[in-house]
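Read the structure below first, then the notes.
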Amino acid sequence: MKEKDDFIFGLRPVMEALEAGKTIDKIFLQNALQGQIYAELKATLAKHKIRANYVPIEKLNRFTRKNHQGVVAFISDVPFYNIENLLPQIFEEGRTPFLLMLDRLTDVRNFGAICRTAECVGIDAIIIPEKGGAPINSDAIKTSAGALYNIKICKEKNLAHTVDFLQQSGVKVFAATEKAENLIYAADFSGPTLIVMGNEETGISKEVLHHADEKIKLPIKGKTQSLNVSVACGAILYEAVRQKLAVSQF
């Protein structure tokens, strides 16, 4: 019952995909769905620690007009990791963590382009939210020029809690925002670093911004007051790389 390469639908096919170890990017369930098979699906989701998005049937009908039975799941060829498991490995290997967080970035092409740059500069992992981010689908992989196959993606339930965990682990958190007073060139990226980029329209969420150690921005001299997020991210990442190279930590 597969309609295209990156999503499946139907109660049984989705459960079979989960049990077969397929990586679920996003799953959408119809509101107020009932029945024994639906209960089995919810139990399977709980077993695999996957959170569902509950939506009206109209949204599911936009994905497919076929008999979806109230469930549509988007499959990812890219495996997901947990930063709490990954960070100790980075330290144990004697490396200085170099991390990127994308807070509710929604445009799949921006996401893919950022992943391409992040892989080029040696980012250890990209952290994204479980809900509210761009889909990791064939378009994202294509835009990343395949870089998504070579970089670790961590999906986390609560980004603010993730920031707290990283800070307690010795990682300094830099939030990129136009509201910052300091330019990126005043920041010290030489140690364990997390750079946070926000949503294309609203920027970084208040919860994550509040927890950041430093707020940073790029200089804007022209009349246009903002850069595309993928361009801004690239500029910040390469300034961090420049500093890390200067102190031989890269």
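It should be emphasised that the depicted structure is a prediction, and the values quoted were computed from it without experimental measurement. Atom set for the values below is all heavy atoms of this structure, side chains included, hydrogens, waters and symmetry mates excluded.
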Ignoring hydrogens and angles, state whether a donor on the side chain of D103 or N199 is under 3.5 Å from an acceptor on the partner side chain.
-> no

Give the table of side-chain donor-acceptor pairs shorter than 3.5 Å for residues 130-137, with sequence neighbours excluded, one pair per line with atom names and distance.
unit_1, atom_1, unit_2, atom_2, d
N137, OD1, D139, N, 3.1
N137, OD1, A140, N, 3.0

Nearest-0.5 Å distance, NZ of residue K42 to CD1 of residue I37 = 15.5 Å

For L60 and R62, what are the C-alpha separation, side-chain angles and deciding distance, and is it a side chain to side chain contact (heavy atoms under 4.5 Å, CB included)?
-> CA-CA 5 Å; L60 298 176; R62 288 198 292 271; over 6 Å; no

Give the intermediate values and the outcome of side chain to side chain donor-acceptor pair (under 3.5 Å) for residues E119 and S144.
-> CA-CA 9 Å; E119 200 279 329; S144 78; over 6 Å; no

Partners meeting salt bridge (charged side-chain N to carboxylate O under 4.0 Å, His left out) with E92 (sequence neighbours left out) = none

Could you state the interatomic distance from CD1 (I195) to CD1 (I184), rounded to the nearest 0.5 Å?
-> 8.5 Å

Closest heavy-atom pair and its distance - I8, P13 | CD1-O, 3.7 Å

Look at the side chain of R104 and the backbone N and O of G203, then say whether any donor-acceptor pair between them is shorter than 3.5 Å.
-> yes

Answer yes or no: is there a side-chain heavy-atom contact under 4.5 Å between I128 and L105?
-> no

In the hydrophobic clustering (ILVMFWY, side-chain contacts below 4.5 Å, transitive), which residues join M101, or is it alone?
-> I83, L86, L87, I90, F91, L99, I127, L159, V163, F165, L166, V171, V173, L194, V196, I204, V208, L209

Residue pair Y238, C233: steps toward the side chain to side chain contact (heavy atoms under 4.5 Å, CB included) verdict = CA-CA 9 Å; Y238 269 98; C233 186; over 6 Å; no

So do the side chains of F189 and L237 get within less than 4.5 Å of each other, counting heavy atoms only?
-> no

So does K152 have more than 12 non-hydrogen atoms from other groups sitting under 6.0 Å from NZ?
-> no

With a distance cut-off below 6.0 Å to the six-membered ring centre and an angular limit of 45° from the axis, does K66 pair with F9 as a cation-pi contact?
-> no

Measure across A125 and I123 and return the closest heavy-atom pair with its distance rounded to 0.1 Å.
-> O-CG2, 3.2 Å

Tell me, do N53 and L29 make a side-chain contact under 4.5 Å, heavy atoms counted?
-> no

4.5 Å side-chain heavy-atom contact, H48 and K22 | no

Check whether any side-chain heavy atom of K179 sits under 4.5 Å from a side-chain heavy atom of K215, and report yes or no.
-> no

Would you please name every residue forming a salt bridge (charged side-chain N to carboxylate O under 4.0 Å, His left out) with D107, sequence neighbours left out?
-> none

Can I216 and L183 be said to form a side chain to side chain contact (heavy atoms under 4.5 Å, CB included), step by step?
-> CA-CA 5 Å; I216 55 173; L183 297 178; over 6 Å; no

Shared ILVMFWY cluster between I24 and L11, side chains joined below 4.5 angstrom?
-> yes

NZ (K217) and OG1 (T177) are apart, to the nearest 0.5 Å, by 9.0 Å

Sub-3.5 Å donor-acceptor pair from the side chain of T117 to the main-chain atoms of C115, do we have one?
-> no

According to the interplanar angle, ranging from 0 to 90°, do the rings of F63 and F74 count as parallel (below 30°), tilted (30 to 60°) or perpendicular (above 60°)?
-> perpendicular

Contacts of type salt bridge (charged side-chain N to carboxylate O under 4.0 Å, His left out), residue E16, not counting sequence neighbours = none

When D25, T23, N82 are each screened for side chain to side chain donor-acceptor pair (under 3.5 Å) with K155, the one that passes is D25

Applying the side-chain contact (heavy atoms from CB on, under 4.5 Å) test to V14, which of I75, I27, V72 qualifies?
-> I27

Can you tell me if K244 uses its side chain to pair, donor with acceptor, with the backbone of G191 under 3.5 Å?
-> yes

Residues E19 and K47 bridged, charged N to O under 4.0 Å = yes

CG on N110 to OG on S230, rounded to 0.5 Å = 4.5 Å

Quick one: do V108 and I141 end up in the same hydrophobic cluster if we chain Ile, Leu, Val, Met, Phe, Trp and Tyr together by side-chain heavy atoms under 4.5 Å apart?
-> no

For residues Y38 and V71, determine if any side-chain heavy atom of one lies less than 4.5 Å from a side-chain heavy atom of the other.
-> no

Would I236 and M197 satisfy side chain to side chain contact (heavy atoms under 4.5 Å, CB included), going step by step from the backbone distance to the final call?
-> CA-CA 10 Å; I236 296 169; M197 305 298 297; 4.0 Å; yes

State plainly whether one hydrophobic cluster holds both Y81 and Y149, where clusters connect Ile, Leu, Val, Met, Phe, Trp and Tyr through side-chain heavy atoms under 4.5 angstrom apart.
-> no

Can you find a pair of side-chain heavy atoms, one from H68 and one from I57, that are under 4.5 Å apart?
-> yes

Interatomic distance, L41 atom CG to L45 atom CG [nearest 0.5 angstrom] | 4.5 Å

Using modelled atom types only, decide if a donor and an acceptor are shared between the side chain of Q243 and the backbone of A187 within a distance under 3.5 Å.
-> yes

Looking only at heavy atoms, the pair that brings T143 and A113 closest together is CG2-N, 3.7 Å

Got a sec, which pairs hit side chain to side chain donor-acceptor pair (under 3.5 Å) with one end in residues 167-176, sequence neighbours left out?
-> Q167-D213, K172-E214

Starting at CG of D124, measure out to CD of E93 and round the result to the nearest 0.5 Å.
-> 8.5 Å

What are the two closest non-hydrogen atoms of L100 and A118, and how far apart are they?
-> CD2-CB, 4.2 Å

